[in-house]
Amino acid sequence: MSLALNLSHEPITKIPHGKLAMWAFLASELMFFSGFFGGFIVLRNTNYDVFGAGSAHLNWTLALINTFILIGSSLTMALAIHNLEHKKDGAFRLFMGLTILGGFGFLIVKYIEYSSKFADGLFPGQENHTVFYSFYFLMTGFHALHVIAGMIPMAYIFFKGFTKAGYPYPSKVETLGLYWHFVDLMWIFIFPALYLMIPYHVAGAH
Amino acid sequence: MSHDHSNPLPSYMKVFYSLMALTVLTVLAAKQLTFPHEWGTPGDILHVAIGVVIAVIKVIAVMYIFMHLKFDHPMLRFFVYIPVFLFLVFGFALNFLESFTYTH
Amino acid sequence: MSTSLAHTEEHADHGHAHEHEHHDLPWYRKYVFSTDHKVISKQFMLASLIFLFIGGAFALMLRWQLAYPGEAIPVIGHLLPDTWVAEPGSGVITPEFFVQLTTMHATIMIFFVIIPMAVGMFGNFCIPLMIGTDDMALPRLNMWSFWLVPPAGLIMLAGVFTEMGYAGAGWTSYPPLAADINKEAFTFSGQTLWLISVFMIGFSSIMGAVNYVATVLNKRAKGMKLFDMPLTVWGLFITAIIATLGTPVLAAGLAMLFFDNFFHTSFFIPDHLVSGASFPGGGQPVLFQHVFWFYSHPAVYIMILPLMGIVSEVLATFSRKPIYGYKAMVFAVAGIAFLGFIVWGHHMFQSGMNPLLGTTFMLSTIVIAVPSSIKVFNWLGTLWRGNIHFSSAMLAALAFVSMFIIGGLSGVFMASAPVDIYIHDTYFIVAHIHYVLFGGSLFGIFAGIYYWFPKMFGKMLSESWGRRHLFWSFLAFNATFFPMHVLGIGGHMRRIYDPNVYDFLKGMQGMNEFITIAAIVMGFSQLMLVGNILYSLKWGKKAPRNPWNANTLEWAAPPHPGHGNFDMDITVYRGPYEFGVEGRELDYWPQWEPGKSITVHHHTIAVSDDTSTSVGMH
Amino acid sequence: MNDILSVFDMLAWFPENISTFGQELDNLFAVIYWISVAIFFLTFGLMGYFMWKYRAREGGRGYNYHGNNIVEITWTILPTILFAGIGVYSDAIWETTKYSSKMPKPDVEIIVLGKQFGWYFLYPGADGTFGRNAYNDRTARALMSATNPFGIDENDPASADDFVVENQFRVPVNANVMVRGSSIDVLHSFFLPHARVKQDVVPGTWMNIWFNLFKTGTYELACAELCGGGHYAMRAEYQVLSKSGYDAWLDQKAMEKAAALAPPAAAAPAEGETPAADAGTDTGNDTGDVWSE
Ligand code: HEA
Ligand code: HEA
Ligand code: CUA
Ligand SMILES: [Cu+2]
């Protein structure tokens, strides 16, 4: 009897539920990082030199490589979605694989970066730690967690893509893509904020 | 769910190239661009401003093209506008934080 | 209201039809890890009621200490472990344990009772039913948003097993106190667990909220425009938006505080602190307060807007009148939500925030009272020329309105920054908190429970016990919390273990005793609610489909609806509050009933010949 | 019964006011109070009346009426005007009490530190100026320790007569007292109920607090911000002394400080040797307050 009911109709806004919820979630994520950036602004203003010295010590070349990797994987993600929507399964698998590879590459670079920071005694609790490094580990750490969280469903979708039916839900991949672009987007802010904004007198000293 | 009839691939590539270029630009601006040293902090503020402006341009490109805000339902834009507005309010208030009373 | 009894029988078999569909689900998918929004709603209700009693018991213990300092707590006192009592076996709690009680009382009440009830329970139950759809947009996500709550509660309560006991920095957990500056890094204290737990609750809140947003925007029944939604759904929708945008900021603050607490970073720890543990320094304690209140002020509206919606619902139904100024109500809610994001500094007038911001926040806070006034006046307008039935739900709603007025007026005192200089952190604030949160939110929750219980469980609650419960709660509530205004004016600080240390508070012991006695009465009055619920579940009268002759869509569903909610197609023809329409025999006109009408000078007049007495069966 | 009714006479419960701006604060409170009482009776009166007048009648019907925009606008604008009035009135007082730029020229300056669970007060001593310390020199923060909470640089000659008291302080009557407050551990709040003064003190920042008291006597200072288990007992006493009494007390402190700095043999100021201060205001147990290690 309830089969005849038409309660679950087309989404009114024509936006799939998952995608709409994802946008709401991204709004939420924007506020999450807003909290961090708000704190960053305040503490940078009050610890100008400490932040400058910290920035100057970071390895911006590694971060630049990571930026390229993330932008690249953002592009491959967009291409993967495009190909899945156009039923080009082979290309979809290729680009999805590249995206995941990008995530791995990012994490590997991050690992290299982190281990040199550990070696320099900059981790919280170690001797050279300052409030700048608190922010460094906080922001990059949460960002890396987001990368990992995005890679898990991507891996699932990727392997599903090899089954006979292929991956049947382009709209879900699109939703995941939104998230992945967001991760990229956050990095676009984190990169200059942490690595590049070095006051002169501090930069000169190094 | 495909968004429009035109082929988005060229615009994807355009965004990709400009993101790469802007990234290089932001690094160059930070490392090579120098303001007179006697400017001190204002010079630093200019650096920050340049970094932020470039980042904002990049982010707009990502959101409007990669994330399809340009083609999708206009309502979705509010999911970005409102947080940005709130962040500005929040950041504005926070900038007053240390201005009180460490008097000499 | 007896017209609807006739429908009872036919629905019995619809219920069956639905049960058959779901015999294939294993029991744990049906009752535990269910994705059905109604089951999730009941789970929230059960968990929160348990927490209400835990939080209430904590309150009564701290009340005892305030009334009878130095005397053993009866019964419980002697069961307390030695570390919590002044001398082993004495039954008198220590000052440390007292502040832990305060902290846990408030945290439990806010994060584990009011928010889960207002948003989790009613949001889950009402949204899909009232917009006429079968379930949430993302049922699986919905399930997880509940299943983060019990572990979060357990983690927080596990603080008792740590060396220092529960978290003890107040529910606001201001650092440096909350950073446990004397604790070693990489060790857990009650405060660390508190931070983890509230972070989880926040995550659960966000998961629920994005789901509500998607559901309301995407899944409304055919014909239902946004301005055809009941005010309950409006309240919940806007609450969900606040939760989506506010909660993550708290999460960011908690993450930073957790880093300070656990890793000894120093986001909030300044550099010349004299303490045993070493922090690198450079932080800003007041920064945390900004981050915290940027969420927690909007959060107080998270705790009241859904209930405002519910109360509007109940007032309209039992006054048999349309809501006065429906659109004004919606705009007022939206206005409160918007302004709610720019007033957070009113909690920080004395915190060392720049006084210039004090002026700004004072003005914005005073402005926020305007939309609240609009709501109050519209509620009064709804009562005007009604035909008022004093059911339990209605009594609770009236209690809500009246107590919210008192609580809101005391808010206006504090909104004025110079007045706040004196009453900040005194019992005046405690009185305000309880007038808006207990007198407001909790009575609103009672109203919702009395109103929707028949639909939730298919049984009627006992009206006479409901009235008794509300009468005693109302009386004891005012006896408990009204005198707190006076304590506050007398200068009685919050969160103090023993006021008798101060000469200027010596004259107030009698009042403290009186408050405690009233609080105990109030605590035990709540047993009437629990008793009523348990009794009615087993022996209550079977509920008809539309026991209150109301208009909104949930009453089109069978009593105790099964998975899928409705047994007929739903099309919406009109707004939710068409009571007393001219040209109709019945004094209500459900949203799902076809029929034409015209609007003449703020009145609705039915014009088709459709005046049949049927209640929604087609 | 009278006890219970007295609850409704709220304004009578204020502790006695002793500060110049306290009266304005109390007046503002009273204004909002009477507005609230009026609104309370208005709204509760209407509600009660409607509940009685429109209680359900047999066969009765509610009136189908969806509201009226003119009414809505009226009851939006009226409260707005009222609130704007309250806001403007409040802001004037707020500015005089808290804006650093509007604070009067100080006659007496004191530096205050909260600690778990008590208060330190630093006085500039006879010369009226502070030596180098953590308040007036950021670099002196490095000197702060459990035994030298103010980070006083003893090598600065101006520091020689600066003295510290604990949990008891004194101020002259009818003088602008400027307090610079901070904390050495967690947040505390400097609350003088009788003077209508409250200001949180935050480690790492200095707060400007001022007041001008017009009545002599002994009053209490409380901590109003949760700071741990001992929060409730973080109490201090202060005396408002006549000008001469206050000066006498300063002299006495100077002698004690000198004695404490002198070689141990000489350092034994006997109790009761204090110069006769204003009758009876001196409690005589000040020796315990000297902080000199
Ligand atoms: C549901 C929760 C809730 C609600 C709805 C409110 C509503 C309001 N609150 Fe409250 N508040 C809390 C919960 C809530 N608050 C809590 C929990 C705290 C303490 C936190 C802590 O420190 O632990 C707090 C603390 C708090 C403070 C900080 C006090 C301090 O610490 O010093 C202030 C200060 O401005 C304030 C103001 C207000 C105002 C102006 C409103 C307004 O929205 C009220 C508007 C309502 C009305 C004004 C009444 C109805 C209107 C009329 C009848 C119309 C006619 C009226 C007039 C013309 C005046 N609140
Ligand atoms: C919705 C929120 C809510 C609710 C419902 C309550 C309910 C109560 N609160 Fe709560 N309270 C807060 C929110 C709430 N409170 C907040 C936010 C604070 C601020 C905390 C802070 O400073 O950080 C606070 C602080 C607070 C204080 C101030 C503490 C202090 O500053 O030192 C006091 C003191 O009297 C108090 C008392 C009570 C009492 C007596 C009840 C009663 O209504 C409770 C009634 C009891 C029940 C509803 C449960 C019934 C229980 C039984 C029947 C069991 C009886 C059996 C046994 C005792 C074994 N509360
Ligand atoms: Cu110090 Cu409370
Ligand atoms: Cu608030």
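Numbered from 1 within each chain, the chains take letters A, B, ... in sequence-line order.
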With a 4.5 angstrom heavy-atom cut-off, could you sort out which part of [X] is near chain A: side chain, backbone, both or neither?
X         : result
Phe259(C) : side chain
Ala221(C) : backbone
Phe186(C) : side chain

Closest heavy-atom pair and its distance - [X], [Y]:
X         : Y         : answer
Pro248(C) : Phe32(A)  : O-CD1, 3.2 Å
Thr130(A) : Pro280(C) : CA-CB, 4.2 Å
Gly282(C) : Thr46(A)  : O-OG1, 4.4 Å
Ile206(C) : Phe25(A)  : CG2-CD1, 4.2 Å
Gly35(A)  : Ala252(C) : CA-CB, 4.0 Å

Notebook entry, point to check: Hey, is the main chain of Thr244(C) close enough, under 3.5 Å, to the side chain of Ser28(A) for a donor-acceptor pair?
Noted result: yes
Margin query: With a 3.5 Å distance limit and no angle check, can you tell me whether Asn47(A) reaches the backbone of Gly283(C) through a side-chain donor-acceptor pair?
Written below: no
Hey, could you give me the [atom1]/[atom2] distance between [X] and [Y], rounded to the nearest 0.5 Å?
X         : Y         : atom1 : atom2 : answer
Phe40(A)  : Leu287(C) : CZ    : CG    : 13.0 Å
Leu217(C) : Trp23(A)  : CG    : CH2   : 14.5 Å
Gln284(C) : Asn45(A)  : CD    : CG    : 10.5 Å
Met31(A)  : Phe294(C) : CE    : CZ    : 4.0 Å
Leu20(A)  : Asn218(C) : CG    : CG    : 5.0 Å
Leu30(A)  : Leu245(C) : CG    : CG    : 9.5 Å

Does [X], at its [atom1] atom, have more than 12 non-hydrogen atoms belonging to other residues, nucleotides or ligands within less than 6.0 Å?
X         : atom1 : result
Phe203(C) : CZ    : no
Phe227(C) : CZ    : yes
Tyr169(A) : OH    : no

Next item on the list: Check whether any side-chain heavy atom of Phe36(A) lies under 4.5 Å from a side-chain heavy atom of Met256(C), and answer yes or no.
Entry: yes
Next item on the list: Measure distances from Phe123(A) to the heavy atoms of chain C and classify the residue's part below 4.5 Å as side chain, backbone, both or neither.
Entry: side chain
Notebook entry, point to check: Got a sec, which pairs hit salt bridge (Lys or Arg N to Asp or Glu O under 4.0 Å) with one end in residues 132-143 of chain C, sequence neighbours left out?
Noted result: Asp134(C)-Lys219(C)
Note to self: Quick check: under 4.5 Å, non-hydrogen atoms only, which of residues 133-152 of chain A neighbour chain C?
What the structure shows: Ser134(A), Phe135(A), Leu138(A), Phe142(A)
Note to self: Looking at chain A, which one of Gly281(C), Ala243(C), Ala251(C) has the largest number of heavy-atom pairs inside 4.5 Å, strictly under?
What the structure shows: Ala251(C)
